[in-house]
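Below: one structure, written as structure tokens.
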2 protein chains.
Amino acid sequence: MAGLKGQATYAVDAKGRAAIPAKMRATLAPEDNNTFTVTRGFETCIFAYPLNTWRQMEREIGALSGYDREARTFTRLFMMWAEEVSLDGQGRIVLPKQLVSYAGIKDRVLILGAYDHIEIWAPESFSEYLAAQESDYETLAARVMGGQ
Amino acid sequence: MAGLKGQATYAVDAKGRAAIPAKMRATLAPEDNNTFTVTRGFETCIFAYPLNTWRQMEREIGALSGYDREARTFTRLFMMWAEEVSLDGQGRIVLPKQLVSYAGIKDRVLILGAYDHIEIWAPESFSEYLAAQESDYETLAARVMGGQ
DNA sequence: GTATTTGTGGGGAAATGTGGGGAATATTCC
DNA sequence: GGAATATTCCCCACATTTCCCCACAAATAC
């Protein structure tokens, strides 16, 4: 699968639905079956994994020991927020209420591609998140990618 | 089997019944025969294992040495609380009284999927459990999954 | 300028969660 | 032992939520 990329903001309607950008939909493999698993993301957003990617995540979770206290806690938190959602005929998903509330989403969402998953943010939360970063883009790149 | 996931709170009626979320029921294999084995869980909740998974747990218990004192104690505690329960026509199970009392359940339960089993909590107990965690979600993930 | 794709809204059918009745089974008490 | 009582199980009924489809507006492509 080609990496998920791009960004767009969309309306959330009265039924809690939001469109997934057509460009991102085009990136999905047929085996993904127009299905995502959404779960609690890191840093106040919703993560949406295409089906194939989610299967890989589950394998990693399944490899953890049920007798280790921290592993148990993480398994609970990761899985309890997870929910499988499929695109409707118009390319939308229903955002689970609990995740909407966790992410602070009201009537609009910012959807962005992040290589192997999609992220769904309340636009205001994303602005705050950006503002809170201490390193600028260039510095961050150097640190993460090993510029020096 | 796809991992059990999701969360929902349900009423416990006067007969001690609680619904199992339809999404979780859909995850069960036909061989699970709509049957769970419930037992005392780790951290003040009830664990409910689908039949197949329970068989696996039993094999692990069976592999323990009966001549080891601690193994003997763990076997007793693990097995003495276990009880097999089946879904009724409406997708509910009857929660065994002793486990209800152990988990501090009153009139509502929080049910969550935890990959290979379901957990049944008193909502208040789960809140306390969450509040008692010293690491936040992101930190926990990095520690358990090896972010760094 | 027209045709096609993309995004938004809403209505009706089906599934889900909850309560309760009554028969069958078990338990208690005399 | 037998009657009274309690418990368990299986069924039906209803309210609510969710799902799936149709319709239209806006944007993009040609």
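All heavy atoms count here, side chains included; hydrogens, waters and symmetry mates do not. So you know, we letter chains A, B, ... as the sequences are listed, proteins then strands, and number each from 1.
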The contact string for nucleotides 25-30 of chain D, one letter per nucleotide 5' to 3', using protein heavy atoms under 4.0 Å with B, S and - for base, sugar-phosphate only and none, comes out as ------

Whether each nucleotide of nucleotides 15-22 of chain C has a protein heavy atom under 4.0 Å at its base (B), only at its sugar-phosphate (S) or at neither (-) is summarised, 5' to 3', as -SSBBBBB

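Screening A/L112, A/I111, A/I118 for a side-chain contact (heavy atoms from CB on, under 4.5 Å) with A/P21, the sole residue that qualifies is A/I111. Of the listed residues (A/L95, A/V109, A/I120), just one forms a side-chain contact (heavy atoms from CB on, under 4.5 Å) with A/V100, and that residue is A/L95. Considering A/W121, A/F36, A/W54, A/F42 in turn, A/F42 is the only one that fulfils the ring pair (Phe, Tyr, Trp, His ring centres under 6.0 Å) rule with A/F47.
The cationic atom of A/R40 (NZ for Lys, CZ for Arg) lies less than 6.0 Å from the six-membered ring centre of B/Y137 and within 45° of the ring axis. Judged by a 6.0 Å distance limit and a 45° cone about the ring axis, A/R17 is not positioned over the six-membered ring of A/Y10.
Across the protein-nucleic acid pair, A/E83 atom CD and D/dT17 atom C1' stand 13 Å apart, rounded to whole Å. As rounded to whole Å, 11 Å separates atom P of C/dG7 from atom CG of A/L87. Distance A/D107 CG to C/dT8 P: 11 Å, rounded to the nearest Å. Going from atom CG of A/L95 over to atom P of D/dC19 covers 12 Å, rounded to whole Å.
Remark: A/E60 CD is packed, more than 12 non-hydrogen atoms of other residues, nucleotides or ligands lying under 6.0 Å away.
In this structure, B/E119 pairs ionically with A/R76, as a charged nitrogen and a carboxylate oxygen lie closer than 4.0 Å. Between B/R143 and A/E70 a salt bridge is recorded (basic side-chain N to carboxylate O distance below 4.0 Å).
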